[in-house]
Structures are given as structure tokens and as C-alpha cells.
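Predicted model only: the values in this text are computed from it and were never measured.
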There are 2 protein chains.
Amino acid sequence: MTATNEDTIANRICRILAARIVTGELEPGTKLRQDHIAEEFGTSHVPVREAFRRLEAQGLAVSKPRRGVRVATFSLDDVREVAEMRAALEVLALRHAAPHLTPSILDLAEAATVEADNARDVRSWEEANRRFHRLLLAPCGMPRLLAAIDDLHAVSARFLFATWRSDWEVRPDHDHRAILAFLRQRRTENAAAVLERHVQRIGQKPAKNASGGAFAIVG
Amino acid sequence: MTATNEDTIANRICRILAARIVTGELEPGTKLRQDHIAEEFGTSHVPVREAFRRLEAQGLAVSKPRRGVRVATFSLDDVREVAEMRAALEVLALRHAAPHLTPSILDLAEAATVEADNARDVRSWEEANRRFHRLLLAPCGMPRLLAAIDDLHAVSARFLFATWRSDWEVRPDHDHRAILAFLRQRRTENAAAVLERHVQRIGQKPAKNASGGAFAIVG
DNA sequence: GCCCGAGAAATTATAGATAATATTGAAATC
DNA sequence: GATTTCAATATTATCTATAATTTCTCGGGC
């Protein structure tokens with residue numbers, strides 16, 4: 001029952017740092033100092049360095065030789081790029097997953113949509129939204145594709161959390177319901193088309209809402 | 001003029017091991033022992049471990065905690081998955097790159113095609129082929145997308161090298177020429193359609209050639 | 001007042017060493 | 001003869017220490 005035995009220290013550090021970066025607790029550009037992190041986790045700096053390498057590969061951190069590691073910055077262009085990649089890959093995954101979607105999976109996805117619509121904060125909305133996407137795509141049986149989509153989701157979530165620091169307004173997600181309706185009718189291509197537009201909206205220019213604050217459409 | 005100063009030891013080890021894995025010099029399933037590799041490169045094992053983490057992220061190696069790192073194995077399903085991902089992402093890249101393609105870039109791509117057609121071995125064919133794809137896609141200006149495509153190319157190349165161990169037959173690439181022709185006419189969507197089919201062919205079931213040996217269409 | 005440089009402090013990258021774990025092979029048992 | 005157990009070996013994951021590089025700071029000169 002040794003929980004630490006299943007997982008390496010480097011992996012744990014990587015997961016925790018990734019969560020901090022995604023939620024914005026660690027701001028873009030922040031220096032990640034290996035000795036400080038090592039001290040915080042009560043380890044040496046070697047596993048910390050290994051965690052850095054994984055974060056780098058996921059695009060959450062940037063390292064320059066001999067100049068340290070920083071939390072990756074991201075521009076609107078980056079967000080748009082990730083949105084387009086997600087759109088292309090999620091459509092691919094949905095096409096392969098559709099034949100294996102069961103009514104019970106679609107019910108779970110609908111429940112996730114309802115949860116997202118009722119979410120009171122951005123964090124629980126993000127969790128429910130990601131669950132919706134994952135439920136529909138997981139049956140594609142393409143592990144590398146799913147892993148790539150997950151990484152892109154993480155970057156999208158960074159943008160989401162950065163935009164909606166504290167305030168969050170409830171708004172029903174019509175795209176999700178449309179996708180589910182099409183999938184129930186086995187009209188895969190229609191569902192894929194809605195999904196593609198839906199995901200591409202992530203990177204759209206933030207617009208003004210009624211109260212004057214900027215907001216971005218997210219998916 | 002210190003070349004080693006520009007690059008970290010871990011990076012160098014990673015690049016060299018990646019090349020060995022891709023070319024098949026290191027066979028799938030081979031155990032990668034950190035102490036042996038460290039000794040070969042005349043370093044300690046710490047940079048070796050960091051290199052392992054990058055190889056893992058690229059999908060070229062698989063590591064299980066406390067059980068070491070092995071060269072990743074790959075099945076025909078894996079190859080097909082990578083082919084589909086490449087098709088989706090390369091089409092996306094081409095759509096964005098097309099407006100920025102100049103006649104001189106297209107000329108270089110044509111030269112690469114000629115080189116590939118005349119290649120006497122699989123290795124030089126692969127180099128020319130990859131150059132062709134990269135020339136056409138690089139102007140898209142989406143660095144993360146290009147990096148993802150590069151990683152997928154590496155996995156495709158593993159399959160290529162594994163299939164064509166030594167023998168290699170010259171065969172002109174009609175797809176490449178068709179893509180170039182469409183791009184010269186600014187018919188981006190036609191070019192994208194050919195590219196999509198072209199890349200998807202990678203994972204197609206190996207067929208028999210005249211001499212009776214199995215061969216796979218590759219792109 | 002501003003810029004430049006030398007020295008100091010902090011930090012990274014690497015090396016060498018240690019403890020814990022998995023693997024292997026041989027002997028003993030069924 | 002096959003199987004299980006146990007110890008020897010090999011390997012991994014980690015820690016401590018060291019060398020090298022970068023950044024910071026403070027003082028002097030323009």
C-alpha cells in the first residue's frame with residue numbers, strides 16, 4: 001500500500017507544477033528555481049530537473065541552457081494555434097470514436113454538459129467541459145491521439161483560467177447539446193462539423209459583454 | 001567556438017539516441033541502461049535520465065518506474081494512428097502555409113522530390129521526403145504544430161526504416177508532383193486533398209511487389 | 001545623472017556515491 | 001523433472017558535493 005512506490009518523485013513534482021501552471025497559480029514567465037522547488041518537496045534537485053523536462057515537452061515550461069527554466073508565456077496567436085490543432089485532432093478522434101459510442105456514454109456526456117452549465121466557478125466548468133470532450137473521444141482507441149489532445153486541453157485551460165480570473169457567468173452550451181443530438185442520430189459528420197467550429201472558437205478575439213468586461217468564448 | 005556550450009549534454013544524448021531508434025539501430029524493446037549509456041558518452045547518468053524523459057515524451061521510449069526504459073515498440077495500428085494524425089495536422093499546416101508559399105520555395109520542394117525519386121537508399125529518400133514536407137509546411141508560422149508534425153515524422157520514419165532494411169527501389173512520387181502543381185495554381189484545397197490521401201497511405205497494409213517481398217507505401 | 005566593470009552571490013549542470021528495488025541463477029523441495 | 005525459494009547481482013532512483021556559468025550589486029569613472 002505504498003502510494004509513493006507506484007509513482008516516481010519526478011512524476012509527482014511534474015503533475016503538481018503542471019496544475020499550478022495551468023490554473024495560473026504560477027504566472028507566465030515565472031522563474032522555476034530547482035533548488036527552491038527541491039526544498040519545497042523535500043527532495044534533491046535531480047528529480048526536479050526531470051520534471052522540468054516533462055513540463056518542457058508538454059509546452060508548459062521553456063528552458064534555456066544555463067539560463068534556467070521559466071513558465072511558458074502564451075499569446076493570443078498561441079491560443080489560436082492550439083485551438084486549430086485541437087479542432088483538427090478532436091474531429092479525427094470523434095470520427096473514429098463515433099461507431100463505438102453507446103447510449104450510456106452519451107448519457108454521461110449529457111450529464112457533464114448539465115454540470116458545466118450549472119458550474120458556479122471556472123474551475124468546475126473546466127472540469128466538466130473536459131470530461132464531456134473526453135467521454136466522446138476516448139472510445140476512438142488511439143492512445144497517442146488522446147494524449148496529444150489532453151496536452152492541448154491543458155494549454156487551452158491555461159488561457160481559460162487566465163481570462164476568467166474570478167468572475168464567471170453561467171451560460172448554457174448549445175454546441176454540446178447539438179453534438180449530442182447529432183451523435184444520437186448517428187449523424188457523425190454533422191456532429192464533427194459542430195465540434196470543429198466549437199473548438200475553433202476558443203481562440204476567437206475576446207469580445208465585450210453586457211457589463212463591459214472582456215470575455216472570450218471557450219470550449 | 002565551444003560547440004558543447006550551445007547545447008546541453010542531455011540534449012546531445014537525446015538526439016543521438018533518437019537517431020539510433022528511428023533508424024532501427026536500436027531495435028524496439030531494447031533495454032536502455034543508463035549506466036552503460038553514461039559510460040559510452042563519458043558522462044554521469046543524470047543527463048542520461050533527462051534524455052530519457054525527452055525520448056519518452058516523443059514516444060520513442062517507454063519507461064516504467066523502477067523497471068527501466070525500453071525502446072518503444074510499435075504495431076501496424078500505431079503506424080496507422082500516426083498516419084491519420086499526420087494527415088490531419090499536415091493538412092491544417094498546409095492551409096495556413098499556402099498563402100505564404102513563394103515560387104522559390106516550390107522550386108526547392110520540387111528539387112527535393114527529384115532527389116527523393118533518384119535516391120539509391122532508404123535513408124537518403126527519407127531525408128529528401130521529409131525536406132519536401134517541411135518546405136511546404138514551415139511557412140504556416142505555427143511552431144507547436146510544426147514540432148508535433150516533426151515528432152510524428154520520426155515515428156513514421158521508424159516504420160519506414162524497419163520495412164526497408166536494405167533493399168530499396170526507385171519509384172517516382174506522383175503525389176508530390178500533383179501537390180506542387182496544385183500549389184502553383186493556388187488551388188490550395190486540391191493540394192490539401194492530395195496531401196491528406198498521400199500521408200494516410202503510410203499505414204496502408206503492406207502489399208506484394210514483383211519480387212515477392214512485402215512492401216509498404218510510405219509518405 | 002548615467003554607464004560600465006569587477007567582484008560577490010545565486011543558480012545551473014555535472015559528477016560521484018548510496019540506498020532501495022528488480023532480476024537472475026542456483027539450490028532445495030515437491 | 002518441474003517449481004519454488006533464496007541469495008547474489010545488476011540496475012534504478014535518489015542524495016550530496018563540486019565546478020562552471022550567469023546574474024546581481026556596488027563602486028568608480030565619464
Open item on the list: Restricting to salt bridge (Lys or Arg N to Asp or Glu O under 4.0 Å), what partner residues turn up for A/Asp107, sequence neighbours left out?
Closed with: A/Arg184
Are any protein N/O atoms closer than 3.5 Å to N/O atoms in nucleotides 8-14 of chain C? If there are, list each pair with its distance.
| from | atom 1 | to | atom 2 | distance (Å) |
| --- | --- | --- | --- | --- |
| C/dA13 | OP1 | A/Arg66 | N | 2.9 |
| C/dA13 | OP2 | A/Arg49 | NH1 | 2.5 |
| C/dA13 | OP2 | A/Arg49 | NH2 | 3.1 |
| C/dA13 | O4' | A/Arg66 | NH1 | 3.3 |
| C/dA13 | O4' | A/Arg66 | NH2 | 3.4 |
| C/dT14 | OP1 | B/Ile9 | N | 3.2 |
| C/dT14 | OP2 | B/Thr8 | OG1 | 3.3 |
| C/dT14 | O4 | A/His45 | NE2 | 2.8 |

- [ ] For a side-chain contact (heavy atoms from CB on, under 4.5 Å) with B/Arg158, tell me which candidate from B/Val82, B/Val71, B/Thr23 qualifies.
- [x] B/Val71
Task: Heavy-atom pair with the smallest gap, counting every atom of A/Arg123 and A/Phe161 - done: CA-CE2, 3.7 Å
- [ ] Could you pull out all residues at least two apart from A/Arg67 that satisfy salt bridge (Lys or Arg N to Asp or Glu O under 4.0 Å)?
- [x] none
- [ ] Say whether A/Asp78 and A/Ser75, considering side chains only, have a donor N or O and an acceptor N or O under 3.5 Å apart.
- [x] yes
